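Since the structure comes first, as structure tokens, the remarks are kept for the end.
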Amino acid sequence: MDYLKGLNESQYEAVTTLQGPLMVLAGAGSGKTRVLTMRIAHLITNGIDPFNILSLTFTNKAAKEMKERIAKVVGPSNAKSLWMGTFHSVFARILRSEAHYLGYPSNFTIYDQQDALNVLKKSIKDLNIDGDLYKPKKVLSRISNYKNNLITVRAYENNPELIEADEKANMKFMGKIYKKYVEECFKNGSMDFDDLLLKTNELLTRFPEVLAKYQDRFRYILVDEYQDTNHSQYLIVKALASKFENICVVGDDAQSIYSFRGANIYNILNFKKDYPEAVTVSLEQNYRSTQNIVNAANVVIAKNLQQFKKNVFSENEVGEKIKVYRSLSDADEANFVAGNIWELHNREQRKFNNFAILYRTNSQTRAFEDALRRKNIPYKVYGGLSFYQRKEVKDLLGYLRLLVNENDSEALMRIINFPTRGIGETTQNKLIVFADSQNLSVAKVLDNLPIYAPHLGFNNGVITKLSDFWSMIKAFQVLLKTETAYNVAMEVAKRSGLIKFLKDDQTPEGISRVENVQELMNSMQGFIEEQIQLEDGDPSLPNFLENIALSADTQDKKNGDEDMVSLMTIHLSKGLEFPVVHLVGLEENLFPSFMSSATREDLEEERRLFYVALTRAEKQAFFSYAVSRFQWGKITDAEPSRFLSEVDEEYIEFLNPAMEGRFINKTGISSNIFDEHPSEMRSFKKVEKKTISKSENDKPIAEPRKLKPVASAKIINPSGASSQDIEVGDKVRHDRFGIGEVAFLDGTDPQNIKAKVVFLHEGEKNLILKYAKLTKI
DNA sequence: AAAAAAGGAAGCCTA
DNA sequence: TTCCTTTTTT
């Protein structure tokens, strides 16, 4: 058992405690992945059939890597029958084989967020509900919330509290929309991401024989990143594990950062309540970072109340102090970071891929891209629009999805007139309305076009276009029976006119679109070859489509990537490590985010995010913040993040000596370093930063303005033309914070007025009127 | 009636 | 900036 050698005491315990419930609290950099893989290997060497092991990971990439590592220990044939993957991919697979229980076709389509949004938009429109009041994105996130908490449409309708809550939030049609959306998805034979979990729960609850089958199969269950599971996932795990209770959860409560998509930190905090006999193992030695970094991260995270007591420590070198840079503007900050990387690259011979720039929001990327490009430093931005979300890629995939599931009317409508073939909006609407009224799918109508056409009032020209289109699709479907997925896709790309359409556009963007389609074809070819190599591989088109639908992590960072600086959000950086980390934009209202300073829970999550960011660093960490930043089309004042003041000074070194200690504020409420002379200093600052952004950033400059407090101001209501006066002393209502009173107004530019509002329950908040959507009461 | 072109508004928190 | 709506052209 060589693989057990080199484990420390707690790692050893985590690997070898095989029976019964086990919780492994794995601090950052404590060798968690190693423990997980060794544990599975150990299970297998102890005679457990891999077929009986279910291992749920956070990303598909993690699953793949882990599987490879396990294969090295126990041999590839043993590793093969392991059930390993994300919740979504594992249960999508199960749902496909059990779909008939739920009345779904086994070839159901999986909708990504964009698809879901399109269906939702259509639903809202069909219900004749004002889309301005019911912003699809907002509605979708509410629906997602319901689903993650197992609130089905029926449960919703039977829950007066929920209905009342939605009414209070000015969304009394939520129930109606929810119902319609679910019906549409069902009709399309499709599930969104949340459905994959919700329907699994339904399957396991309603059909005891199915539950028994999977309980019996998954005798040993491992869940990674347990702190980021949502309620729905929690229930699935609990149901499956309830027979044998061989459940091992691994995670770190200090790194729970996904509550905005439903993750519930109490799943891990209450594990002991669910399984009173559970053994807890804490992995506390950090092998990744210097002592300085570990200690600095510790003192910050210690400010959180909701957490397990841990003593994370490092026995690595003490290391350098964290360097803090105060910059004048976002561009200045980016120049500092780029210059610093350049210098370390030269002076310490660090390769570019040693560096990461981590930020809170994607919109911060641009400044860094500009600065790096100017210095000719190679970089790669992670996140943002992923390859599979590109329009041209989704268009081709739309065709392919339609071939597999012709009831997928979302896919059908996407491509029925793309490339344009004279089937315009009017025709499309007629089709949909008719299909709905007859309770048929659009595909069925097209199947029997000659019969239905008279009822549709189409002229001959339209009928010809429609039947031409549909016979083309049918021909593709026939092709699918004999040809490989790749050949079919190639045929689709050519015969649908898609390639021709894209090639007609010779602009650089157009050329890159063609390349993207080619890239899709390549990845398809790669997928097919890979699947053929595998003994139990499945090179079919449906399998390919499922794979991409679930690979939100396709463009994740690979280790040993090319020699480039990595730029990504902190969320994306979870699980990665870099010798040198620049954590940027450490400003109030940016990090912590202005959306997240409302409640203690939100703030604690931001602090965990900070913890995650800092613990990515192995050798050196740099913090930076700007005193003003180009944001929302305006130059906005910024104050140093409270997290900066939460790091003990012994771990920090200030690069702007004059500023040393100036921002430290022990109240936890942000302070402005210029508070002593508010107006003069601020207007001075404005001038200064304007010159900077002009020369260095070439961005439009805001009109000069005086910044003196005003007694009243107009607010612009973004959702309509109506504007409303808000004055000091007014009682106002906020979507989230509730009722409060305006204490102070600041600024004359109607686009940029800040209000200090004292809320009944949430206390004092600084809000930008334009975004706060306050209602006067 | 459909397609292309132009104009205008909102968008930003995080996968 | 990107997406959506409106206008103009065929």
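Only a predicted model underlies this, so the values are computations on that prediction, with no experimental measurement involved. All chains are named by letter (A, B, ...) in the order of the sequence lines, taking the proteins before the strands, and each is independently numbered beginning at 1.
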Separation of B/dT14 atom P from A/N230 atom CG, nearest Å, is 20 Å

The side chain of A/T420 lies closest to which of these nucleotides: B/dC12, B/dA4, B/dT14? B/dA4

Rounding to an integer number of angstrom, what distance separates B/dC12 and C/dT5 when you compare their C1' atoms? 23 Å

Taking atom types as modelled, is there a side-chain donor on A/D194 or A/S144 under 3.5 Å from an acceptor on the other? yes

Rounded to the nearest angstrom, tell me the gap between atom CG in A/L466 and atom C1' in B/dA2. 14 Å

OP1 or OP2 of B/dA2 versus the side-chain N and O atoms of A/T427: is any pair under 4.0 Å? yes

With the side chain of A/K135 defined as its heavy atoms from C-beta on, choose the nearest nucleotide among B/dA2, B/dC13, B/dG11. B/dG11

A/T361, nearest nucleotide to its side chain (from B/dA15, B/dT14, B/dA2): B/dT14

Measure from NZ or CZ of A/R261 to the centre of the six-membered ring of A/Y258, then state whether that distance is under 6.0 Å and the direction lies within 45° of the axis. yes

Side chain of A/S256, backbone of A/Q227: donor and acceptor closer than 3.5 Å? yes

All N/O contacts under 3.5 Å from nucleotides 1-5 of chain C to the protein, with atom names and distances to one decimal?
residue: C/dC4; atom: OP1; partner: A/K121; partner atom: NZ; Å: 3.0

At 4.0 Å (heavy atoms only), tell me whether A/K574 reaches a base, stays on the sugar-phosphate, or touches nothing. nothing

What is the distance, rounded to the nearest whole Å, between atom CG of A/L590 and atom P of B/dC12? 15 Å

Salt bridge (Lys or Arg N to Asp or Glu O under 4.0 Å) pairs, two or more places apart, involving residues 387-397 of chain A: A/D112-A/K394, A/D115-A/K394, A/K391-A/D395, A/D395-A/R414

Here the distance between atom C1' of B/dT14 and atom CD of A/Q113, to the nearest Å, is 12 Å

From the list B/dA3, B/dA1, B/dC12, which nucleotide is the closest neighbour of the side chain of A/T426? B/dA1

List the residues meeting side-chain hydrogen bond (donor to acceptor under 3.5 Å, both in side chains) with A/S190, not counting sequence neighbours, and say none if there are none. none

If we ignore angles and hydrogens, is there a donor and acceptor under 3.5 Å between the side chains of A/N201 and A/S232? yes

Could you check how far NZ of A/K138 sits from P of B/dA10, rounded to whole Å? 15 Å

Kindly say whether A/F591 contributes a backbone atom to a donor-acceptor pair with the side chain of A/E606 at under 3.5 angstrom? no

Is A/N362 near enough to B/dC12 that one of its side-chain N or O atoms lies under 4.0 angstrom from OP1 or OP2? no

Atom CG of A/L431 and atom P of B/dA2: how far apart are they, to the nearest Å? 11 Å

Enumerate donor-acceptor pairs with a distance under 3.5 Å from any side-chain N or O in residues 457-465 of chain A to protein atoms, sequence neighbours excluded.
residue: A/N459; atom: OD1; partner: A/G461; partner atom: N; Å: 3.1
residue: A/N459; atom: OD1; partner: A/V462; partner atom: N; Å: 2.8
residue: A/T464; atom: OG1; partner: A/N460; partner atom: O; Å: 2.7

So, A/D252 versus A/Y226: side-chain donor-acceptor pair below 3.5 Å or not? no

To the nearest Å, give me how far apart CD (A/E425) and P (C/dT6) are. 11 Å

Suppose we screen for side chain to side chain contact (heavy atoms under 4.5 Å, CB included). Which residues come up paired with A/A334, at least two apart in sequence or across chains? A/A367, A/F368, A/A371

Atom OH of A/Y359 to atom C1' of B/dA15: distance rounded to whole Å? 14 Å

Judged by nearest nucleotide, the residue sitting upstream toward the 5' end of DNA chain B, A/T569 or A/I423, is A/I423

Under 4.0 Å from any atom of DNA chain B, heavy atoms only: list the residues of residues 253-262 of chain A that qualify, in numerical order. A/Y258, A/F260, A/R261

Ranking A/L609 and A/G422 by the position along DNA chain B of their nearest nucleotide, the one closer to 5' is A/G422

Answer yes or no: does a side-chain N or O of A/N417 lie under 4.0 Å from OP1 or OP2 of B/dA3? yes

